[in-house]
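Counting begins at 1 with the first residue of the sequence.
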Amino acid sequence: MESASLQSDQPAARALSERDQAVLDFERQLWRHAGAKEEAIREVFGLSAARYYQILNTVIDSPAAVRHDPMLIKRLQRARDERVTARAARSLASPRPVDRAGSTLPDETTD
């Protein structure tokens, strides 16, 4: 009796939907050109690339996806983390001032 009550207290693990599995299958493919992948996303899923990547990010954060294909999910998470880090570094880097001729001016904070 006790084991049944323990099972009912725990939330059921969400299984991957057919669409989630299709997204993961699609991500196993390697694309030579970003444009080709964007076009395939529209053809296969009928979604904009932005919406597709929102769905993908949700899927790769799900425990069910990790159980389904741990190596693929880790690769996709790593790639996402690298993009986020690179984007943050670009936004934090301030451009150096330039003079009218386009030459970089010396940094005023150092002597």
Non-neighbouring partners of D69 that pass side chain to side chain donor-acceptor pair (under 3.5 Å), sequence neighbours left out: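 Result, side chain to side chain donor-acceptor pair (under 3.5 Å) vs D69: R28.
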
If you define the side chain from C-beta out and look only at heavy atoms, does anything of [X] sit under 4.5 Å from [Y]?
| X | Y | answer |
| --- | --- | --- |
| R80 | D61 | yes |
| L72 | R75 | yes |
| Y52 | I55 | no |

Can you name the closest pair of heavy atoms from [X] and [Y] and give their distance?
| X | Y | result |
| --- | --- | --- |
| S62 | L16 | OG-CD2, 4.0 Å |
| A65 | L24 | CB-CD1, 4.1 Å |
| E27 | L76 | OE1-CD2, 3.6 Å |

Please report the interatomic distance [atom1]([X]) to [atom2]([Y]), rounded to the nearest 0.5 Å.
| X | Y | atom1 | atom2 | result |
| --- | --- | --- | --- | --- |
| E18 | D25 | CD | CG | 11.0 Å |
| I73 | M71 | CD1 | CE | 12.0 Å |
| I60 | H68 | CD1 | NE2 | 14.0 Å |

Who passes side chain to side chain contact (heavy atoms under 4.5 Å, CB included) against [X], sequence neighbours left out?
| X | result |
| --- | --- |
| Q29 | F26, W31 |
| A22 | F45 |
| T58 | none |
| R32 | none |

Set of residues satisfying salt bridge (charged side-chain N to carboxylate O under 4.0 Å, His left out) with respect to R51, sequence neighbours excluded: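 For R51 there are no salt bridge (charged side-chain N to carboxylate O under 4.0 Å, His left out) partners, ignoring immediate neighbours.
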
